[in-house]
Amino acid sequence: MAKPQTNKEIAKLLRSVAAAYSLKKDDQFRVIAYDRAASSIEHATSELKDLWDDGKLGELAGIGSSIASHLDELFRTGEVKHFKEVMKGYPPAMFELIFVPGIGPKNAYRLCRKLKITRAKTALEELEKAAKSGKIAEIAGFGVKSQQEMLKALEAFKKGQTKANRMVLPYADALAQELILYLKKCPAVGRADPLGSLRRKVATVGDIDIAVTTQEPNKVIDWFIRYPQKQKTIERGSTKASILLKNGRQVDLRVGKPKAYGAMLQYFIGSKHHNIHLRELALKKGLSLSEYGIKKGKKLIEYASEEAFYQALGLDWIPPELREDTGEIEVAQEGKLPNLVETADVKGDLHIHSDFPIETSHDEGADSIEEMLEEAEELGYEYLGFTEHNPSTSQHNVKQRIDLIKRKRDKIDKLNYSRENKKRGRGNKLPVLALNSLEIDIRPDGELAIPEKALAILDFAVVSIHSSFSLSRREMTKRVLAALGHPKVKILGHPTGRKINEREGFELDWEEIFDFCLKYDKWLEINAWPNRLDLPDTLVREAIKNSVKLVISTDAHTKEHLTLMEYGVSVARRGWAQKADIINTLGYNEFLQVMKH
DNA sequence: GCCGTTTTCGGCCCGACTGTTTTCAGTCG
């Protein structure tokens, strides 16, 4: 690998070092250490290079003085002598093969040796060729079956490399719900729950994990592997099974008894690192944890609920969204877990697009202001902020743009007036009211894409970046702060600009942004759009640590989109947000107060 | 190699499944 720079590349390098160590018989714990460092880097909030710049490498869990100094060398010189030394004598090709599912370090090494595959660049092709010509089955320890499996794994791996290989949360949700419906048709199935990263509400989901309670595990597993959407069975045992769906997604099933379901849920929700930490904690108390319960010596104690399971370890029940081993276990020990925000706490949506003809060059909404207000009524909201994109600057002069914005002001004022009177006549409950806003482009120089005069017509403004994504971190930060500086501007929309599976976000100096938001009462948006989920959860947590307030918005373009709110709330919860951290949990009158601040 | 409300030394999560095996290694989550 030529000079690894990104977190992904560095993690890959550390996994390779771990693989090399695992072939040396001396120290298997070093392998674990390197693997752990790699996954820590994969999950890191910020680019490793930035952490290194700030001298904060050691803050990442699993990175101690030794690996930190190796990474220091990496950033200074582009390579690490020690890593080279460790990997010396092994064919470079094997450090490509270890990333193919099903192939570990030992087999990768054996395959490379026996088949004389050395070059990293062609490793996958050469292995595929060998498999097709039947050469793998001839190697001791391999057979026809493993050769077949390897071929399939290689094909899938190659596909996965070209296309995005994780699902966005709502898609995974829908897939899981279909499966649950199917499973429930089997009389032997008791409870059936989607778990894993889906239950932890991670922004992207790899596999679908499902747990089922039953007294007849065999019947359930038989039923499961007959799922009509199945492409093939990956494995089938007496307690678990995995299938591959026709759409290429994997589903893992676990079955267990109802009276031990608590431990099963806990085990299968994960995360892996949360579970490892929990098991280490248990060991210190002389206990041993597994998916079946808690062992004290030889005696296994079963738990029907997760609450009881955690309680047995001296912990409060930890919401799944927090289970990433980022301090939640320590906080649970102190009994100081946050009371996380819930969808029911939300009183309004502050980033939505109606079909009002504002003549924007961006995308417009499909439903009218009235229709969206009616829908919001159903959701129990008190207000909606209408934030169509600003009128196009190239198609209109200043006066035309001001006129368009005035027209929307009039429309909203009349609508609010009539709705208020109509509803007041019927009962005392206030109707959902509309706020007049816009989502305004931030130009590359930080200027806003509407005239100064037009800003005065708005109740508040959301500003977002929709162009020139590749400015430097410094320039981008200056750009955003300039835009946020206008008094009417309250919210930075989709702050990182990332699109999941499409593009990385741009770089910002978050400390500077947080300071500014805190000082001038600006709010960062958690955009609930499925492939945005932006701010990302890790930055939500940083923002909250810095006392910065947030809003959760759907960016709805139809009235149905308003229900995407739950996914934004998931992000907030994963960022440890409580109700008080989220501005749009305020009622209408309180919101008006803070908006004018 | 990492890490500390048992420890700065001496520990380091736990179990299932598969394929190729005659009792287990490798891989995965």
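Note that these values count all heavy atoms, side chains included, but never hydrogens, waters or copies made by symmetry.
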Residue set satisfying side-chain hydrogen bond (donor to acceptor under 3.5 Å, both in side chains) with A/Arg473, at least two apart, ordered chain then number -> none
Please state the C1' separation for the pair B/dC24 and B/dT20 - nearest whole angstrom. 9 Å
Residues within residues 128-135 of chain A bordering DNA chain B, heavy-atom distance below 4.0 Å: none
Listed partners of A/Arg76 passing side-chain hydrogen bond (donor to acceptor under 3.5 Å, both in side chains), at least two apart: A/Asp72
Name of the residue among A/Ile210, A/Asp252, A/Asp193, A/Leu253 meeting side-chain contact (heavy atoms from CB on, under 4.5 Å) with A/Phe268: A/Asp252
Once side-chain hydrogen bond (donor to acceptor under 3.5 Å, both in side chains) is applied, do any residues pair with A/Lys257, and if so which ones, sequence neighbours excluded? A/Glu302
Among A/Tyr261, A/Trp317, A/Tyr310, which residue satisfies the side-chain contact (heavy atoms from CB on, under 4.5 Å) criterion with A/Gln266? A/Tyr310
Can you build the contact string for nucleotides 20-29 of chain B? Use B for base contact, S for sugar-phosphate-only contact, and - for no protein heavy atom under 4.0 Å. SS----SSSB
If you compare every side-chain N and O of A/Ser288 against the phosphate oxygens of B/dC13 (OP1, OP2), does one of them come in below 4.0 Å? no
Residues 38-63 of chain A vs ring-ring contact (aromatic ring centres under 6.0 Å, His included), sequence neighbours excluded, gives A/Trp52-A/Phe75
Would you mind telling me which of B/dG1, B/dC17, B/dC14 lies closest to the side-chain atoms of A/His82? B/dG1
Pairwise P distance for B/dC9 and B/dA16, with rounding to whole Å: 38 Å
Applying side chain to side chain contact (heavy atoms under 4.5 Å, CB included), name anything that partners A/Glu502, two or more places apart in sequence or on another chain. A/Lys499, A/Asn531
Not counting sequence neighbours, which residues clear side chain to side chain contact (heavy atoms under 4.5 Å, CB included) with A/Glu128? List them please. A/Lys132, A/Leu151, A/Leu154, A/Glu155, A/Lys158
d(A/Thr326 OG1, A/Arg574 CZ) to nearest 0.5 Å is 8.5 Å
Side chain to side chain contact (heavy atoms under 4.5 Å, CB included) partners for A/Asp316, two or more places apart: A/Leu337
The side chain to side chain contact (heavy atoms under 4.5 Å, CB included) partners of A/Lys272 (sequence neighbours excluded) come to A/Ile276
What integer distance in Å separates A/Gln148:CD from B/dG19:C1'? 12 Å
Pairs under 3.5 angstrom, nitrogen or oxygen only, protein versus nucleotides 2-4 of chain B, please.
{"unit_1": "B/dC2", "atom_1": "OP1", "unit_2": "A/Gly64", "atom_2": "N", "d": "2.6"}
{"unit_1": "B/dC2", "atom_1": "OP1", "unit_2": "A/Gly64", "atom_2": "O", "d": "3.4"}
{"unit_1": "B/dC2", "atom_1": "OP1", "unit_2": "A/Ile67", "atom_2": "N", "d": "3.2"}
{"unit_1": "B/dC2", "atom_1": "OP2", "unit_2": "A/Ser66", "atom_2": "N", "d": "3.4"}
{"unit_1": "B/dC3", "atom_1": "OP1", "unit_2": "A/Gly62", "atom_2": "N", "d": "2.8"}

Can you check the distance between B/dC3 and B/dT8, where both ends of the measurement are the C1' atom (answer in whole Å)? 9 Å
Can you sort out which residues in residues 292-312 of chain A have a heavy atom within less than 4.0 Å of DNA chain B? Ascending by number, please. A/Tyr292, A/Lys295
